[in-house]
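Notes to accompany the following structure.
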Amino acid sequence: MFVFLAILVAIVNVADARVFNIPLDPSGNITLHWLPDYSEEKVTFEVHFHTESSAQWLAVGFSDYGETTLADYCLYWVDWKGGTHLTDTWTDKDGKFREDEMQNCEDFKIVSHKSQIKFSFARKFDTCDENDYVIEDGTTHVVWSFGDGPLYRINGLSMAEAKSGFQRTQLLKALIGKPNFPPDTHALYFTSDRAKVPSDETTYWCHVHLLPAAMREKKHHVLQFGPAIQKGNEPLVHHMELFHCELPAQQKVPSYQGPCFAPDKPALLDNCKRVLSAWAMGAEPFDYPEEAGLPIGGPDFNPYVMLEVHYNNPELKSDWIDSSGIKLLVTPTLRPLDAGVMELGLEYIDKMAIPPSQPSFLLSGYCISECTAVSLDQEGIVIFASQLHTHLTGTRVETRHIRDGREQPLLNQDRHYSTHFQEIRKLKRPVRVLPGDALVTTCFYNTEDRTNITLGGFSISDEMCVNYVHYYPKSRLEVCKSSVSYQSLWDYFRFMRDWDGQKTLEPQGAISNNYGSIDWTPARANVLQQMYLESPLSMQCNQSNGERFPGEWENTPLTTILFPLPPKARPACEL
């Protein structure tokens with residue numbers, strides 16, 4: 001009998017005994033289960049491995065963005081005498097395993113039965129070993145590799161003929177108890193309808209749905225959302241989002257099921273972009289706090305929503321048929337407070353741009369104190385969840401919280417962000433934002449593989465920098481975002497023409513034409529970076545009806561941070 005997980009649950013605090021799991025490989029033969037222990041600052045892992053040969057070796061570990069070289073692994077292997085071992089290793093740039101001088105894959109246990117092997121081990125969040133990955137909040141890229149054995153030794157073992165891959169997840173999840181649901185709570189499913197998944201590695205599949213008649217007539221609260229994955233398709237469905245179509249209540253939306261970026265997709269679906277729920281592989285169902293629910297439906301609510309499913313098909317199979325989607329738990333019995341969703345970050349326009357060939361270029365979007373001062377009630381709002389969002393070149397995202405010039409703890413951060421892993425994440429510590437507070441969302445981008453300027457915009461080849469924060473009680477403030485002021489931008493284009501000989505403003509035309517006329521060099525990219533970091537803002541401080549709050553929102557000053565947070569200490573490494 002395999003009872004490891006029951007044993008692992010018993011060794012941590014009962015209140016925190018939450019076992020999470022994800023499939024690692026496309027076939028589902030390798031699965032990872034884990035328990036985070038915040039009091040001990042360690043994670044206990046259990047790996048299930050279906051194998052044709054009990055002598056095969058398997059390495060499971062971590063890297064910054066899914067690289068299998070220069071990665072940190074715990075390697076399970078069988079020696080030529082039949083003994084089993086777990087060794088802390090890392091891979092060099094040539095993909096060869098090297099035994100780590102500090103062995104930090106602890107508490108190794110193993111059981112096997114026929115074609116299945118299960119082994120467990122523990123890793124501290126931070127081992128203070130330069131060859132070990134630091135497990136932290138945000139996205140973790142879990143890498144894996146396996147090959148034939150038995151082995152005489154592991155130093156120099158090559159990945160060249162091994163099978164390898166990676167999976168993204170959030171290891172350090174918030175451990176929050178389940179709320180109670182009223183008796184009239186019922187499930188609502190928004191799924192694909194036998195979608196024939198193309199034989200491409202990545203497909204985004206969209207399906208428009210109409211809310212049931214009862215919800216069109218009366219407002220409901222969403223209490224929970226989560227995945228409804230077709231059995232057997234778990235490795236295929238990577239992440240999903242459900243969007244509301246932001247249109248007048250009586251506006252009909254054409255039916256559609258197909259690729260999200262198909263040329264024949266109805267243009268009206270571009271209005272289906274307000275996030276209601278988001279799930280990514282490895283995420284548990286998301287529960288709203290007991291005092292609040294997400295409002296949906298009613299006579300003033302457009303009744304159309306659109307499901308978007310990201311299919312990950314690395315084996316390029318052509319026989320996948322899928323009916324997966326998102327499940328909502330809804331109730332007509334309303335909770336005391338409406339939850340809201342607020343957009344922080346950058347405007348979706350081409351004023352903000354990223355030069356080509358940049359290893360790390362940052363853009364910041366501001367929700368300034370002047371906006372929260374006029375839009376939030378005296379008690380403010382409580383943010384309990386957050387979804388960070390960029391497009392294809394984003395690598396890191398964070399939102400800072402400023403009060404009276406003093407930086408508060410980070411609202412949310414993902415240092416290893418991937419646009420292919422989008423989920424709404426509960427904050428471990430709900431954050432109260434008061435009138436006069438400021439929120440600064442910063443995104444880091446890598447455009448080393450691009451030869452042309454990347455502009456802000458809606459297209460997947462454009463860029464965004466957004467944090468969709470989930471909060472209560474719902475306020476009138478729906479969009480608090482910025483871009484560089486128009487005056488600063490045209491002054492920059494004029495400077496590039498007059499002092500650097502670029503062909504900007506000749507003729508004076510579209511912003512995109514001006515950016516595109518610059519011959520980008522590292523020095524010119526640095527000038528643009530400094531302009532963004534120092535120039536005043538054009539603010540969107542918008543109500544839910546699209547109108548701005550009263551005030552002067554052009555050429556507003558940047559938020560001043562007089563007392564920034566000190567660098568995060570690593571006390572265990574200083575002993």
Side-chain angles (χ1 to χ4, degrees), residues 1-12 19 21-35 42-63 68-92 94-124 127 129 131-133 135 142-167 171 235:
M1 294 291 291
F2 297 128
V3 293
F4 271 21
L5 289 177
I7 295 172
L8 297 182
V9 168
I11 65 175
V12 298
V19 180
N21 68 87
I22 53 170
L24 291 185
D25 67 321
S27 63
N29 287 332
I30 309 172
T31 57
L32 180 71
H33 306 252
W34 72 95
L35 288 167
K42 71 176 183 180
V43 182
T44 302
F45 298 96
E46 181 171 307
V47 180
H48 296 189
F49 182 32
H50 292 268
T51 174
E52 295 178 359
S53 169
S54 60
Q56 285 188 309
W57 59 266
L58 170 64
V60 175
F62 321 98
S63 68
T68 53
T69 58
L70 300 177
D72 172 25
Y73 287 94
C74 293
L75 191 152
Y76 161 79
W77 59 289
V78 181
D79 65 29
W80 62 284
K81 294 182 178 180
T84 56
H85 309 269
L86 189 74
T87 304
D88 188 351
T89 64
W90 54 277
T91 48
D92 61 23
D94 298 319
K96 293 184 177 180
F97 285 95
R98 303 295 177 187
E99 187 171 341
D100 202 330
E101 292 183 5
M102 294 176 60
Q103 289 293 302
N104 294 306
C105 301
E106 301 173 343
D107 302 331
F108 172 54
K109 299 181 180 68
I110 179 171
V111 293
S112 61
H113 179 69
K114 295 183 179 179
S115 64
Q116 188 175 46
I117 295 171
K118 295 185 179 182
F119 62 89
S120 67
F121 62 93
R123 267 288 308 273
K124 288 195 171 294
T127 65
D129 181 349
N131 291 321
D132 284 351
Y133 181 91
I135 299 172
V142 180
V143 289
W144 57 269
S145 183
F146 72 88
D148 293 329
L151 303 177
Y152 179 73
R153 64 175 186 175
I154 59 173
N155 249 339
L157 175 66
S158 176
M159 302 177 67
E161 297 183 7
K163 293 185 178 180
S164 302
F166 72 91
Q167 190 62 269
L171 290 177

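Computed from heavy atoms alone, side chains included, the values below leave out hydrogens, waters and symmetry copies. FYI, the numbering just counts along the sequence from 1.
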Just to verify, what does [X] make a side-chain hydrogen bond (donor to acceptor under 3.5 Å, both in side chains) with, not counting sequence neighbours?
{"X": "Ser164", "answer": "Ser145"}
{"X": "Thr127", "answer": "Asp132"}
{"X": "Asp107", "answer": "none"}

All ring pair (Phe, Tyr, Trp, His ring centres under 6.0 Å) counterparts of [X], not counting sequence neighbours:
{"X": "Trp57", "value": "Phe97"}
{"X": "Phe62", "value": "Phe45, Tyr133"}
{"X": "His85", "value": "Trp77"}
{"X": "Tyr76", "value": "Phe119"}

Point to revise | Any donor-acceptor N/O pair, Ser63 side chain to Thr68 backbone, under 3.5 Å | key: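 Looks like no, no N/O pair under 3.5 Å.
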
Spacing of [atom1] belonging to [X] relative to [atom2] belonging to [Y], to within rounding of 0.5 Å:
{"X": "Leu75", "Y": "Tyr73", "atom1": "CG", "atom2": "OH", "value": "9.5 Å"}
{"X": "Lys124", "Y": "Lys42", "atom1": "NZ", "atom2": "NZ", "value": "6.5 Å"}
{"X": "Ile117", "Y": "Leu58", "atom1": "CD1", "atom2": "CG", "value": "8.5 Å"}
{"X": "Glu106", "Y": "Ser120", "atom1": "CD", "atom2": "OG", "value": "12.0 Å"}
{"X": "Ile110", "Y": "Thr84", "atom1": "CD1", "atom2": "OG1", "value": "4.5 Å"}
{"X": "Lys118", "Y": "Phe49", "atom1": "NZ", "atom2": "CZ", "value": "14.5 Å"}

With a cut-off of 3.5 Å and sequence neighbours excluded, list every side-chain donor-acceptor pair involving residues 146-159.
residue : atom : partner : partner atom : Å
Asp148  : OD1  : Gln56   : NE2          : 3.4
Asn155  : OD1  : Glu99   : N            : 2.9
Ser158  : OG   : Ala160  : N            : 3.0

Review point. Can you pull the salt bridge (charged side-chain N to carboxylate O under 4.0 Å, His left out) pairs that have at least one residue in residues 80-92, sequence neighbours excluded?
Key: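 Every salt bridge (charged side-chain N to carboxylate O under 4.0 Å, His left out) pair that includes a residue of residues 80-92, provided the two are not neighbours, is Asp92-Arg98.
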
Check your understanding: Does the side chain of Asp100 reach to within under 4.5 Å of the side chain of Thr89, using non-hydrogen atoms?
Key ->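 Side-chain contact under 4.5 Å: no.
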
Check your understanding: Closest approach of Ile135 and Arg123, non-hydrogen atoms and distance?
Key ->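 Nearest heavy atoms, Ile135 then Arg123: CD1-CB, 4.4 Å.
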
N/O donor to acceptor pairs below 3.5 angstrom from side-chain atoms of residues 24-31, sequence neighbours left out:
residue : atom : partner : partner atom : Å
Asp25   : OD1  : Gly28   : N            : 3.3
Asp25   : OD1  : Asn29   : N            : 2.9
Asp25   : OD1  : Ile30   : N            : 2.8
Asp25   : OD2  : Ser27   : OG           : 2.5
Asp25   : OD2  : Asn29   : N            : 3.3
Ser27   : OG   : Asn29   : ND2          : 3.1
Thr31   : OG1  : His33   : NE2          : 3.4

